[in-house]
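Structure first, then comments.
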Amino acid sequence: MGTKHSSSASVLLSLLLLHLCLQHDVVECAEREALEIIIGGGGGSYSPPAPSPEYAPSPEYVDCPPPPPPPCPPPPSPSPPPPSPPPPPPPSPPPPPPPRPPPLPPSPPPPLPPRPPAPAPPNERLAIALRVIKRFQKLIGVDPDNITGTWNGDNPCKFTGFICGVVPVYNQNAVAGVNFNGRKLAGKWGGKETKLPLDGFLDQLPDLVFFHANSNNFTGQVPIGTSRLPYFYELDLSNNKLDGGFPYEVLSAPNLTFLDLRFNNYQGSVPSQVFLYKDIDVVFLNNNNFNEKIPDAIGSSTAHYLTFANNKFWGPIPRTIGKASKTLFEVLFLNNRLSGCLPMEIGKLNQATLFDVSYNQLTGPIPQSFACLTKMEILVLDNNQFYGAVPELVCKLPSLMNLSLANNYFTQVGPACRKLIKKGFLHVDNNCILDLKYQRPKSECASFFSKPRYCPNERSLLYIPCKGKYSVVYPIIQSFKNIITSDPLGITKTWVGADICNYKGFYCDIPPDNATATAIASIDFNGFQLSAPTLDGFIDQLPDIALFHANSNNFSGIVTPKIANLQYLYELDISNNNFFGPFPTAVLTMNSLSFLDIRYNSFTGSIPPEIFKQTLDVLFLNNNNFMQSLPDNLGATSALYLTLANNKFTGSIPKSIGSASPTLVEALLLNNLLTGCIPYELGFLRDATVFDAGNNQLTGPLPCSLGCLDKIEQLNFADNFLYGRVPEVLCELGNLANLSLSNNYFTGVGTACRKLIEKGVLDIRNNCIQDLADQRSAEECALFFLHPKSCLHPETYSLIPCKDPPKSKTKSSPYSAVPKQRF
């Protein structure tokens, strides 16, 4: 049904020749001035748009309400009525009377002309519209142009303001368009102006394609039924008295391509859905009271024209705006409360001709990416807190006619920019360029720069996506080179020239988001022995980095939280360096990360449990100074290789470790301060090949469930306080190459275990097995067993879940605790 309506609406538009009625602000794109899309005005030069007085935010915007767009051409005049039939000829005069005739009777009167045929009654579609229009007519009390005086008779197609066309579905003439632009209609009752709602009018014209009502006095909100109009394409309610929140009703109109709500009193937030329309061309929201962040979905918009001006939007401009590079021509953010730095991604808007963010609270330098705005004609950044040098490449943009940077804190302009100043194209009054006229006082500039200034992703502001492959990375590498304090292998001697892909340790590839580009994709500094006080400002400024390996260097400092912005990074190896501080929590938000190696550093404190929820394949945390109980969700890890060795972890091995059975291949817990008994669930690790919990303070017997570790090759529980008999099922495992149980208090081994001793596979030295060599003394063993020993749930230690499922008092099986295979 939706497809049928859409195609019907297209045919209806063609039949109506709607281009005659859509020649307002946007459609006249060839000849209009750029700013006409905002206020309908014209002129030879650009100036900030002026809102109507009641919404005026500053003196610059006073007493300039938007003139209405040009009126639509009137519909073709109806054909003249057929001429009246000619009157009958007069009767012939009577002949002269004969002498003395008898008197004759009088002649009959001439016949009357036939009446013209009665007009044909209107069709069903027009009859529906007629009833709606007549009801609406009763609400109008102010009509300066007296258009309602033409609303007589029963044919709405002859009424001023209404346009008709044939609806293909019904093959009948119908009211397809309303054009009230500039009519200043209002309601009036008892001599006083009253509300003029859209309810019962806009939503009750079922064949409507467009509704243009610029510069009237409509009140209230958009009717809910508007979303049910099957052919509806364009809605212009600008310069009325509508209020409330954003009219969500329009978001359900399936064919909407033009939305103009400017110069009203809407407030609150703008829903993301307005930017998700697939075919919308125009979104005008300026001169309202919207007071929310600009949605991230702005980058998904297909609109050519977006106006947010003269509202109360706050927060930064979303980086996603760069995704609109193929469609966005003009965007106006002026006169809001926006803050933060301009995102580099604005430079990707290579179709844009107008960009205005004046009169906000934005700061930072102009991104070098603006050099890619090759079609830009009007670029307005004045009245903010921008600073730094004006990029020369921006001043060389070929189409630039107006670059307004006044009332900021810029400090430098180069030769190309100075040429624009002489031509009158560049305006830099009231900045901090001290060799130019009309600048701020030195004291005012010094006060501004006395406070630290910072932009997130600051290095990205150097990136020029259209100017060569390595424009952003080269200065980053050179800056890092300058802080390296030791390079015994002469690695940095190769870091010269423009071709950074030939630098030793750097590797290039095609980034995922740009098939025509080449970028630094991986870095391998392993074993380079470089020394530097920090990696901050280096690794975090390589936007396309996927692998960073820096094993065995002398890098130090803390791991910068800014690495969380590296969207492609999936391997991070900074092992065997001098990093310190707490666990680098920035990695918790890096969804692409699969390999994390921070071993052999000096990290301290605790490990956040969230790290075990990451989809990591490798998690190497050993040889640091972490000190805490192992998190209970340890078994939630998806890691194949987990090393927690040589730290100061305390407490028991969590029972949840059995939940890692689908993935865990190697786990190293050795040389910590772990206590308690070995959990029965450890036997669920059916794919594990290495498990090492040596040199801790573990106690109790070995659970027989370890006999289910079919793939285990190396199993180490040496240097603990374990006791009891070594399970024969453990010694019968077919892949076992090394079973280390030395320096415990085991008291017996069976036949299978003795065979492993003979083969050198089982190391059982320094235990309490008195018939074997190299055991503890009887006195030492007796002293150990003087104190009672016990573990929770002792009945589980004899269970072998993979071979002999235990009987249970309930119908559930021990396998119910085993996690299902993850896919």
Side-chain angles (χ1 to χ4, degrees), residues 622-623 627 629-630 644-653 657 667-680 682-683 690-709 712-733 735-800:
N622 54 286
N623 293 82
M627 52 187 81
S629 296
L630 293 178
L644 306 177
N646 302 310
N647 282 283
K648 297 175 182 177
F649 289 113
T650 60
S652 59
I653 299 173
I657 193 170
L668 302 183
L669 308 180
L670 68 151
N671 200 25
N672 279 285
L673 303 173
L674 299 177
T675 57
C677 299
I678 297 172
Y680 157 80
L682 191 61
V690 176
F691 188 87
D692 193 337
N695 198 22
N696 279 284
Q697 300 171 25
L698 299 169
T699 189
L702 291 177
C704 290
S705 63
L706 298 180
C708 295
L709 302 179
I712 202 74
E713 298 172 7
Q714 298 183 44
L715 185 59
N716 180 21
F717 290 110
D719 297 286
N720 280 285
F721 299 100
L722 302 173
Y723 56 84
R725 188 174 182 83
V726 179
E728 276 285 275
V729 291
L730 176 57
C731 294
E732 291 171 351
L733 291 172
N735 293 304
L736 200 59
N738 189 328
L739 176 58
S740 183
L741 303 177
S742 61
N743 297 302
N744 280 286
Y745 292 87
F746 291 109
T747 55
V749 290
T751 304
C753 293
R754 289 176 185 270
K755 289 180 180 180
L756 293 187
I757 294 172
E758 292 174 2
K759 294 178 180 179
V761 173
L762 171 57
D763 183 358
I764 197 74
R765 293 173 298 165
N766 206 31
N767 276 275
C768 297
I769 308 170
Q770 299 305 320
D771 63 327
L772 295 180
D774 303 317
Q775 299 297 298
R776 297 180 186 271
S777 65
E779 292 79 8
E780 187 178 357
C781 291
L783 183 62
F784 175 79
F785 286 107
L786 271 177
H787 302 284
K789 313 292 182 187
S790 66
C791 290
L792 294 175
H793 307 293
E795 69 280 0
T796 62
Y797 282 79
S798 62
L799 299 179
I800 309 175

Between [X] and [Y], is any pair of side-chain heavy atoms under 4.5 Å apart?
X	Y	answer
Tyr723	Thr747	no
Pro701	Cys791	yes
Gln697	Leu673	yes
Thr796	Pro703	no
Leu715	Leu733	no
Thr699	Cys677	yes

Near Lys789 NZ, under 6.0 Å, is it more than 12 heavy atoms from other residues, nucleotides or ligands?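 Atom NZ in Lys789 is packed in, count exceeds 12.
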Using atom types as modelled and distance alone, determine if a side-chain donor or acceptor of [X] lies under 3.5 Å from a backbone N or O of [Y].
X	Y	value
Glu728	Cys753	yes
Arg776	Asn767	no
Asn672	Leu644	yes
Asp763	Arg765	yes
Arg725	Leu702	no
Asp692	Gly694	yes

Run the ring pair (Phe, Tyr, Trp, His ring centres under 6.0 Å) test against Tyr745 and tell me which residues pass, sequence neighbours left out.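 Once residues adjacent in sequence are excluded, the partners of Tyr745 under the ring pair (Phe, Tyr, Trp, His ring centres under 6.0 Å) criterion are Phe784.
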At what distance, to the nearest 0.5 angstrom, does [atom1] of [X] lie from [atom2] of [Y]?
X	Y	atom1	atom2	value
Phe717	Ile678	CZ	CD1	4.0 Å
Ser798	Ile800	OG	CD1	8.0 Å
Phe649	Thr675	CZ	OG1	14.0 Å
Ile712	Leu736	CD1	CG	7.5 Å
Cys781	Phe746	SG	CZ	12.5 Å
Leu668	Asn716	CG	CG	9.5 Å

Run the numbers on Phe691 and Leu706 for side chain to side chain contact (heavy atoms under 4.5 Å, CB included), then give the verdict. CA-CA 11 Å; Phe691 188 87; Leu706 298 180; over 6 Å; no
Do you know which two heavy atoms are closest between Ala752 and Glu732, and how far apart they sit?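 Heavy-atom minimum between the residues: CB-CG, 3.8 Å.
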Which pair of heavy atoms, one from Cys731 and one from Leu756, lies closest together, and at what distance?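 That closest heavy-atom pairing would be O-CD1, 3.4 Å.
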Report the C-alpha distance between Leu799 and Cys704 in whole Å, list the side-chain angles of each, state the deciding distance to 0.1 Å, and finish with yes or no for side chain to side chain contact (heavy atoms under 4.5 Å, CB included). CA-CA 6 Å; Leu799 299 179; Cys704 290; over 6 Å; no
Partner set under side chain to side chain contact (heavy atoms under 4.5 Å, CB included) for Leu772, not counting sequence neighbours: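 Counting only residues at least two positions away or on another chain, Leu772 forms a side chain to side chain contact (heavy atoms under 4.5 Å, CB included) with Val749, Arg754, Ile757, Ile764, Ile769, Gln775.
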Check step by step if side chain to side chain contact (heavy atoms under 4.5 Å, CB included) holds for Ile657 and Leu630. CA-CA 11 Å; Ile657 193 170; Leu630 293 178; over 6 Å; no
Leu762 vs Leu741, side chain to side chain contact (heavy atoms under 4.5 Å, CB included): CA-CA, chis, key distance, verdict: CA-CA 7 Å; Leu762 171 57; Leu741 303 177; 3.8 Å; yes
Could you check Thr650, Asn720, Ile653 and say which one makes a side-chain contact (heavy atoms from CB on, under 4.5 Å) with Leu674?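 Answer to the side-chain contact (heavy atoms from CB on, under 4.5 Å) test with Leu674 among Thr650, Asn720, Ile653: Ile653.
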Single hit among Asn647, Asn695, Asp719, Asn696 for side-chain hydrogen bond (donor to acceptor under 3.5 Å, both in side chains) with Asn671: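 Filter result, single survivor: Asn695.
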